[in-house]
J.: 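Supplied in structure tokens, the structure appears directly below.
Letters go in sequence order (proteins before strands), and every chain restarts at 1. This structure is a prediction, so every number in the text was calculated from the model and none was measured.
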Number of protein chains: 2
Amino acid sequence: MVSFQSDPAHVDRAFFALSNATRRGMTEMLLREGEKPMRELARPFGISLPGAMKHIGVLQEAGIVSCRRQGRENLCSVDAGALQTAAGWFEFHARFWSVSFERLGKVLAEKKKK
Amino acid sequence: MVSFQSDPAHVDRAFFALSNATRRGMTEMLLREGEKPMRELARPFGISLPGAMKHIGVLQEAGIVSCRRQGRENLCSVDAGALQTAAGWFEFHARFWSVSFERLGKVLAEKKKK
DNA sequence: TCATAAGTTAACCGAATGGTTAGCTTTCAA
DNA sequence: TTGAAAGCTAACCATTCGGTTAACTTATGA
């Protein structure tokens, strides 16, 4: 029996990181707008800087975000590879829920045309 | 700007439910083997029945699992529709990480052939 | 009919979450 | 050179998680 290959703890962290609307919002912002300093990630969500740092820390541990220090700013960006780990879970299990499989395939096919 | 449509709290619950290896294991077992009573979901993970019930409760609140009482058994099964909600997050955001988009598309295309 | 199996509920526990404020260091720019 | 901006760390707090045991209800089958 083939099973989904990937360190379970890593999958845990990826899904957990995405289970919070603020962290998903930060991830989406970084995907859309690219590299951002900490304080700009905190502002739109109305949380303190230490609060934002904790969220970014969770995303970093999940391998979804990485940061680099530049001067007094800490610039964060998305590492898409780690998102694939989580997406991979759905890829693999899609075989069991063909309805969703059809839909996933259709949506992706449409995007490919554009 | 188009954004990912779905109640954020619902997406939260779906990702959170999948962020635990035991809950993913239960989900996978139900996908593979179909309907199972509570106690059979508890056994392979070496946890107590109340422990398993809590996990199933989380999966139910996320809409991933539903249960029906039959005699003294409580039979659980996967509701694939709710998994689509979480998969949909990746579907939508795949546009921003074209590498993963390519990969997702390729994997799904292969499955389609079979 | 009655012991037992399956499930539920409640209470408990330590650890982790998600947020804060206060105080520190580092860097920039006037 | 020095004040302010950006970030980091630590401490704190209420709540939730993930698990347990104990006690209860309901259904089964000998």
J.: Measure NZ/A:K36 against C1'/D:dA6 and give the value in whole Å, please.
T.: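 These atoms are roughly 16 Å apart.
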J.: Using modelled atom types only, decide if a donor and an acceptor are shared between the side chain of A:N74 and the backbone of A:P37 within a distance under 3.5 Å.
T.: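 Not a single qualifying donor-acceptor pair exists.
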J.: Would you tabulate the nitrogen or oxygen pairs shorter than 3.5 Å linking the protein to nucleotides 10-16 of chain C?
T.:
none

J.: Could you tell me if the side chain of B:M38 sits less than 4.5 Å from the side chain of B:L75, heavy atoms only?
T.: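 Of all side-chain heavy-atom pairs linking B:M38 with B:L75, none is under 4.5 Å.
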J.: Would you name the heavy atoms of A:C76 and A:L30 that are closest together and state the gap between them?
T.: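 That closest heavy-atom pairing would be O-CD2, 3.4 Å.
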J.: Determine: side-chain N/O of A:S48 to OP1/OP2 of C:dT20, distance under 4.0 Å, yes or no.
T.: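 Answer yes for this pair, as a side-chain N or O of A:S48 is under 4.0 Å from OP1 or OP2.
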J.: Can you measure A:L49 atom CG to D:dT9 atom P for me and round it to whole angstrom units?
T.: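 Taking atom P of D:dT9 as the reference, CG of A:L49 is at 12 Å.
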J.: Quick one: is B:N20 getting a side-chain N or O under 4.0 Å of the D:dC17 phosphate, OP1 or OP2?
T.: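 No, outside the criterion.
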J.: Could you tell me whether the phosphate oxygens of C:dG7, OP1 or OP2, come under 4.0 Å of any side-chain nitrogen or oxygen in B:R39?
T.: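 Checking B:R39 against C:dG7: at least one side-chain N or O falls below 4.0 Å of OP1 or OP2.
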J.: So what does B:G51 touch, heavy atoms closer than 4.0 Å: a base, only the sugar-phosphate, or nothing?
T.: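 Touches a base.
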J.: If the plane angle is over 60° it's perpendicular, under 30° parallel, otherwise tilted; pick one for B:F15 and B:W89.
T.: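 B:F15 and B:W89: perpendicular rings.
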J.: For B:P37 and A:S19, take the nucleotide of DNA chain C holding the closest heavy atom to each; which residue's nucleotide lies nearer the 5' end?
T.: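 Nearer the 5' end of the strand: B:P37.
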J.: Are any of the side-chain heavy atoms of B:S77 and B:V65 separated by less than 4.5 Å?
T.: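 No, their side chains stay 4.5 Å or more apart.
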J.: Round to a whole Å and report the spacing from CD of B:Q70 to C1' of D:dT28.
T.: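 One finds 13 Å between C1' of D:dT28 and CD of B:Q70, rounded.
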J.: Taking the side chain of B:R72 as its heavy atoms from C-beta onward, which of D:dT20, C:dG18, C:dA6 lies nearest to it?
T.: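 Among the listed nucleotides, the one closest to the side chain of B:R72 is C:dA6.
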J.: Quick one: A:H55 NE2 to D:dG7 P, roughly how many Å, whole number?
T.: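 To the nearest whole Å, that distance equals 16 Å.
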J.: Rounded off to whole Å, could you give me the CZ-to-P distance for the B:R13 and D:dC17 pair?
T.: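 Answer to the nearest Å: 11 Å.
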J.: A:R69 has an atom CZ; how far is it from atom P of C:dT26, in whole Å?
T.: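 It works out to 10 Å between those atoms.
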J.: Can you find a side chain N or O atom of A:N74 that sits less than 4.0 Å from OP1 or OP2 on D:dA6?
T.: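 Answer is no, no contact under 4.0 Å.
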J.: Using the side chain to side chain contact (heavy atoms under 4.5 Å, CB included) rule, pick out the option among B:M26, B:H55, B:R23 that qualifies with B:F45.
T.: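 Single side chain to side chain contact (heavy atoms under 4.5 Å, CB included) partner of B:F45 among B:M26, B:H55, B:R23: B:M26.
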J.: Side chain of B:I47: nearest nucleotide among C:dT8, D:dT20, D:dG7?
T.: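 That would be D:dT20.
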J.: From CG of A:L59 over to C1' of C:dT17, roughly how many Å is that when rounded to an integer?
T.: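 Spelled out: CG on A:L59 to C1' on C:dT17 is 14 Å.
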J.: Distance check needed: D:dA22 P versus B:M53 CE, whole Å only.
T.: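 Whole-Å distance recorded here is 18 Å.
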J.: Considering only heavy atoms from C-beta outward, does the side chain of B:V58 approach that of B:N20 to under 4.5 Å?
T.: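 Of all side-chain heavy-atom pairs linking B:N20 with B:V58, none is under 4.5 Å.
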